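Worksheet for the structure shown next.
Note on naming: letters A, B, ... go to the chains in the order of the sequence lines (proteins, then strands), and numbering restarts at 1 for each one. It should be emphasised that the depicted structure is a prediction, and the values quoted were computed from it without experimental measurement.
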There are 2 protein chains.
Amino acid sequence: MDNLEKPRGGRPRAFDPDRALDAAMHLFWEHGYEATSLTMLREAMGLTPPQIYNAFTDKETLFRKALERYHQTEIGFALEALSAPVPTGEAIRRLLLGAAEAYSRPDKPGGCLFVSGALATSPQAQTIADELKTYRKASEAAIAERLADGKAAGDLPEELSAEGLAKYIAGVMNGMSIQARDGASVEELRAFAETALAALPVEGQKPRA
Amino acid sequence: MDNLEKPRGGRPRAFDPDRALDAAMHLFWEHGYEATSLTMLREAMGLTPPQIYNAFTDKETLFRKALERYHQTEIGFALEALSAPVPTGEAIRRLLLGAAEAYSRPDKPGGCLFVSGALATSPQAQTIADELKTYRKASEAAIAERLADGKAAGDLPEELSAEGLAKYIAGVMNGMSIQARDGASVEELRAFAETALAALPVEGQKPRA
DNA sequence: AATTATCCATAGCGATCGATACGAAACCTA
DNA sequence: TAGGTTTCGTATCGATCGCTATGGATAATT
C-alpha cells in the first residue's frame with residue numbers, strides 16, 4: 001500500500017486518496033472505463049490532473065485500483081456466502097440474494113462493476129477488458145470450488161459438473177447485473193434469484209410460501 | 001428505406017450501402033458504440049468520411065441502422081422460437097438454445113449487440129444506451145407475451161407471473177451473452193441453457209438422456 | 001449540348017482526449 | 001536556517017475525436 005509507507009519529507013497531500021479513489025470507482029462503475037473522462041474524474045474527485053497522476057500514476061492504474069477497492073468494499077457478500085458453514089444450496093441462495101441487494105442499491109450504480117466496467121472496448125483498452133474478464137472468471141472459479149466441496153459433502157449429486165453449474169450461476173449473476181442496469185428493483189432481482197435457484201439439483205428449502 | 005427510392009439524376013454510389021452497413025454492424029457489435037471510432041469504421045467499411053456521412057447522416061444514425069440490421073439478420077431465431085406452434089416449454093427451449101448458437105458463432109463477435117453495444121456510456125451517449133435498453137425491454141415483453149399465451153393455453157400454472165418469469169428468461173439470455181463474450185463455447189452455452197430451463201415450472205421434455 | 005443533382009476525394013475544422021512542464025509552496029531532516 | 005523532497009496550481013501539450021467545407025467528377029433530365 002503506497003499510502004501507508006510515507007517515505008519521508010515533502011509537502012503533505014491536501015486530499016484523502018481513499019475518498020478520491022472511492023469517487024473514481026463510482027464513476028467507473030456508472031460509465032465504464034473508457035467513457036469516464038479525466039474531466040469527469042477531476043470534478044468527481046475534486047482534484048487537478050497532476051494530483052490524480054501523482055497519486056495514481058495514470059488512468060489505467062487508477063481504474064485497476066478502483067477494481068481492487070470495489071472488490072474489497074462492495075462485494076463482500078460473495079465471499080461471505082461461499083464461505084458460510086451452510087449447505088451448498090443455502091450458500092448459493094445467499095450468493096444470489098446478496099447479488100440482488102448489491103446490484104440494486106439506491107445510492108450506487110446498478111449492476112456489477114466487473115460487468116459494466118469494460119464489456120466492449122476499443123483495441124487500446126483490450127488489456128482492461130481482459131482484466132475484468134479475469135475477475136469474472138475468478139468469481140466463477142470460486143463458485144465452482146464451493147460446488148465441488150458440496151459434491152464432496154454429499155450436497156450435490158456426484159455426476160454433476162461443478163464447472164458447468166458454476167458457469168450457470170455466474171452467468172445468472174451477470175444477467176442480474178444487466179437487469180439491474182435496466183432498472184430492476186431489489187424485489188424483482190430477488191424473484192429472479194429465486195427462479196434461478198429452482199434450477200439447482202438440490203432439495204430446495206423453498207422460500208416460505 | 002432511403003436506398004430504394006432513387007430520386008433522380010446525379011452520380012451513382014460507388015459502394016453497396018448494405019455491405020458497408022454490415023461491416024459497421026460487426027464493428028459496433030465487437031467494440032460497442034463509443035469505442036468504435038470513425039477511423040475504424042472507415043477502414044472496415046472501405047469508405048471515406050464524406051461517403052459515410054452522406055449515406056448514413058452521422059455516427060449515431062449509422063449505429064441505429066446497424067441495430068435495425070442486426071435485429072433483422074442476426075436474431076431471427078427469437079421471433080421464430082416464440083411464434084412456433086409448440087408448447088410453451090419447447091418454445092422457451094428453442095429460444096435459449098437458439099441464443100446459445102447465435103451468441104457463439106465463430107465468424108461473429110461473441111454475445112448480443114443489444115447487450116454489448118452500449119452498456120456503460122458517457123453522458124453524451126446516454127440516448128444510445130437508452131435505445132439499447134428499449135430493445136432489451138422489447139425482447140422481454142415479447143417473452144412475457146408468449147408466456148401469457150402459455151398460461152391461457154394451460155401450459156403454465158395460472159398463478160405464475162409471466163412478467164417475472166420473462167425477466168428471468170431475458171436475464172438468462174443476457175447472462176449467456178456475457179459468458180459468450182468471455183469465450184464460452186456453443187456446447188457450454190447449450191449446457192447453460194439446459195440448466196436454466198430446469199427452473200421453468202413445466203414438465204420438461206428433458207433432453208434425450 | 002446545357003442544366004441540374006448527386007457523389008467522389010482531399011484536406012482540415014473545432015473540441016476533447018489522456019497526460020505533463022514548470023515553478024512556487026509546504027513539509028522533514030540536519 | 002539551509003538543503004532536500006514532495007505536492008501544489010496554472011497552463012498547456014500532441015493526438016485523436018466526430019465531422020465538414022470545397023471543388024472536381026459522373027450521372028439523369030431537358
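Applying a 4.0 Å cut-off to non-hydrogen atoms, none of the residues of residues 25-45 of chain A approaches DNA chain D.
Using a 4.0 Å cut-off between charged nitrogen and carboxylate oxygen, A:E74 and A:R69 do not count as a salt-bridge pair. Ion pairing between a basic and an acidic side chain is recognised when a charged N comes within 4.0 Å of a carboxylate O; B:E60 and B:R64 show such pairing. At a threshold of 4.0 Å, the pair A:E90-A:R94 counts as salt-bridged, since one of the basic side-chain nitrogens sits closer than that to a carboxylate oxygen.
Taking the centre and axis of the six-membered ring of A:Y33, the NZ or CZ atom of A:K59 falls inside the cone set by 45° and 6.0 Å.
Among B:Y103, B:W29, B:Y135, B:F28, the one residue that satisfies the ring-ring contact (aromatic ring centres under 6.0 Å, His included) test with B:F114 is B:Y135. Screening A:K133, A:R136, A:K137 against B:D182 for a salt bridge (Lys or Arg N to Asp or Glu O under 4.0 Å) leaves a single residue, A:R136.
One interatomic measurement links the two molecules: CD of A:E60 to P of C:dA19, which rounds to 9 Å at whole-angstrom precision. One interatomic measurement links the two molecules: CZ of B:F56 to P of C:dT6, which rounds to 18 Å at whole-angstrom precision. The separation between A:L47 atom CG and D:dT10 atom P is 14 Å, rounded to whole Å. In this entry the distance linking OH of B:Y53 with P of D:dT22 reads 18 Å, nearest Å. Taking atom CZ of residue B:R13 and atom P of nucleotide D:dA28, one finds them 15 Å apart after rounding to whole Å. The nearest whole Å value for the distance from the CD atom in A:Q124 to the C1' atom in D:dA15 is 11 Å. In this structure, A:I52 atom CD1 and C:dC17 atom P are separated by 13 Å, rounded to whole Å.
Atom CG in A:L165 sits 10.0 Å away from atom CZ in B:F192 (nearest 0.5 Å).
Inter-axis angle, ends of the helix from C:dA1-D:dT30 to C:dA30-D:dT1, five pairs per end, rounded to 10 degrees: 0°.
Panel note: side chain A:S116, backbone B:A120; no donor-acceptor pair is recorded below 3.5 Å.
For A:Q51, the side-chain atoms get nearest to D:dC8 when compared with the rest of C:dA26, D:dC8, C:dA19. When the nucleotides C:dC7, C:dA9, D:dG9 are ranked by their closest atom to the side chain of B:N54, C:dC7 comes out on top.
Comparing A:D58 and B:P49 by the nucleotide of DNA chain C whose heavy atom lies nearest to each, the residue mapping closer to the 5' end is B:P49. Remark on DNA chain D: of its neighbouring residues B:T57 and B:R11, the 5'-side contact belongs to B:T57, judged by nearest-heavy-atom nucleotide.
With sequence neighbours excluded, the residues forming a side chain to side chain contact (heavy atoms under 4.5 Å, CB included) with B:A184 are B:Q179, B:E188, B:L189, listed by chain and number.
Backbone-only contact: B:F15 has heavy atoms under 4.0 Å from sugar-phosphate atoms and none from a base.
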